[in-house]
Participant: 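So that we are looking at the same thing, I have put the structure below in structure tokens.
None of these values were measured; they are calculated from a predicted model. Each chain gets a letter, A, B and so on, in the order the sequences are listed, and its residues count up from 1.
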Protein chains: 2
Amino acid sequence: MMLPKKNTTIRRKEIVQAALQVIGEKGVHGLTITEIAGRAGMSDANIYRHFKGKQEILKALGDFISEAMMGTAAGIAAGKGSSLEKLSAIFRSHAALIAANPGLPRFMFSEEIHLEDLSLAKTIADKIAGYIETLSMIIAAGVKNGELQSLAPRETAITLLGMIQFIALRWSITRGAFSLDAEAERLLNNFLLLIQAGSPQVLLEPDTMEPV
Amino acid sequence: MMLPKKNTTIRRKEIVQAALQVIGEKGVHGLTITEIAGRAGMSDANIYRHFKGKQEILKALGDFISEAMMGTAAGIAAGKGSSLEKLSAIFRSHAALIAANPGLPRFMFSEEIHLEDLSLAKTIADKIAGYIETLSMIIAAGVKNGELQSLAPRETAITLLGMIQFIALRWSITRGAFSLDAEAERLLNNFLLLIQAGSPQVLLEPDTMEPV
DNA sequence: TTGTAATGTGAACGCGCATTCACATAATGG
DNA sequence: CCATTATGTGAATGCGCGTTCACATTACAA
């Protein structure tokens, strides 16, 4: 059987998406050319008409994933809302993105990615640094206007990212044994309690809901 | 050349240690029988005198790593000291352990581990759950005696672990481009500020110290 | 001492997987 | 409509790596 022909730009997107799906199911370890081709509905050899090799596919996938994660975060950061609202929105959207694409954290964690290709590792590291920077600025703004406690912006940003990433890791190891969204919500609530100004110490009365 | 003979229990330890070192340098992806054998100074075939196969080596390595991490944490948890002191000690020892054994986080992150062997994945997940439980109890105790803010023990424990793990990931990706210990210390300080009772909020009145 | 089990090794085997090749078939520009 | 290029495919290639085998050498129990 011969596949109807499409130009390279379209095929490249299909292949990258197929790769992401394969990683979600079989992991980066199970990401073979044959698997990608099968998922994309084409022959193995045809992959090489659109990519120089597997490494190039990984590079394209890295760009796509980085863009998917950073894009929404940057959008939220640039938009309207309080610091708490922005942090919550970014956190939730990130969790939702992972829940929808299990291959995403697998790709980020995988050393098959980090160690194999120096430039790809650098790309990912830079994207993470940018992410931290984005969150830091939101937090710094919140500290300045008294919305948040007086805390270190960068370290707090890293703490937030660590939460997401750790949830994703456990979720990946347990093969989705728990609800990622629900777990994320629990952690977010606790985190918000910690960082917002003058919040806790509700030890006794459960009254002060809706803190504005 | 023929290696002087030793019994299996000794050889098994040597092989596991060699494997851990190889992972630290080449990653789980680069963990090949030939590499392990070379590092341990023995022939490939001899590996199979002491392990049934590669999978069994990974299993033994998983046990070793779990024990190394959980062991010290449990010891500190059972010892004397305030909650803050215990959390700090566990955090620092964990960071130091990772700094000394780069293969440790690589192993934990690797899906080559999680996805290949169900029982190994379960072992790791259980160990992590136990770790969370240990930290939770420390935190719960701190909350009860007023040392810590009224926060959710389990979620706070996960936040702490997420911090460590995220540092380790970035450290791994950047191939040790920054000082893991220093970074860990910065994050720990910020975290302690967040969780201890009545610390920040110096914004206005530095009154409500010591709430019990 | 002696024979049996444990330990050690180089060579070979087989499989999976990335990549290439020779050859169709469709698109596209002149 | 023709020629050139882009796209698509099954089969072959080659290599890395886990594992096995046939055969030494040492430990050790009787």
Participant: Pick out the pairs of N or O atoms, protein on one side and nucleotides 16-19 of chain C on the other, that lie under 3.5 Å.
Facilitator:
residue: C/dA18; atom: OP1; partner: A/Lys54; partner atom: NZ; Å: 2.8
residue: C/dA18; atom: OP2; partner: A/Thr32; partner atom: OG1; Å: 3.0
residue: C/dA18; atom: OP2; partner: A/Ile33; partner atom: N; Å: 2.7
residue: C/dT19; atom: OP2; partner: A/Tyr48; partner atom: OH; Å: 3.0
residue: C/dT19; atom: OP2; partner: A/Lys54; partner atom: N; Å: 2.9

Participant: Using a cut-off of less than 4.0 Å, is there contact between a side-chain N or O of A/Asn46 and OP1 or OP2 of D/dT7?
Facilitator: no
Participant: Any donor and acceptor pair, going by atom type alone, linking the side chain of A/Gln165 with main-chain N or O of B/Gly162 inside 3.5 Å?
Facilitator: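 A pair under 3.5 Å: no.
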Participant: Nearest to the side chain of B/Arg49 - C/dA24, C/dA22, D/dA22?
Facilitator: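 It is D/dA22.
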Participant: Quick check against the 3.5 Å criterion: does A/Asn7 have a side-chain atom that pairs as donor or acceptor with the backbone of A/Ile10?
Facilitator: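 Yes, A/Asn7 side chain to A/Ile10 backbone: donor-acceptor pair under 3.5 Å.
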Participant: Are B/His94 and B/Tyr131 near enough that their ring centres are under 6.0 Å apart?
Facilitator: yes
Participant: Does a donor on one side chain sit under 3.5 Å from an acceptor on the other, for B/Lys54 and B/Thr32?
Facilitator: no
Participant: Once ring-ring contact (aromatic ring centres under 6.0 Å, His included) is applied, do any residues pair with B/Phe64, and if so which ones, sequence neighbours excluded?
Facilitator: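 For B/Phe64 there are no ring-ring contact (aromatic ring centres under 6.0 Å, His included) partners, ignoring immediate neighbours.
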Participant: Among residues 4-13 of chain A, which contact DNA chain C at a heavy-atom distance under 4.0 Å?
Facilitator: A/Lys5
Participant: For A/Glu14, what residues pass the salt bridge (Lys or Arg N to Asp or Glu O under 4.0 Å) criterion, not counting sequence neighbours?
Facilitator: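 Partners of A/Glu14 by the salt bridge (Lys or Arg N to Asp or Glu O under 4.0 Å) criterion, ordered by chain and then number, come out as A/Lys6, A/Arg11.
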Participant: Excluding sequence neighbours, so at least two apart, what forms side chain to side chain contact (heavy atoms under 4.5 Å, CB included) with B/Ala157?
Facilitator: B/Ile132, B/Leu135, B/Ser136, B/Ile139
Participant: Could you tell me which residues satisfy side chain to side chain contact (heavy atoms under 4.5 Å, CB included) with B/Glu185, sequence neighbours excluded, listed by chain and number?
Facilitator: B/Arg92, B/Leu188, B/Asn189
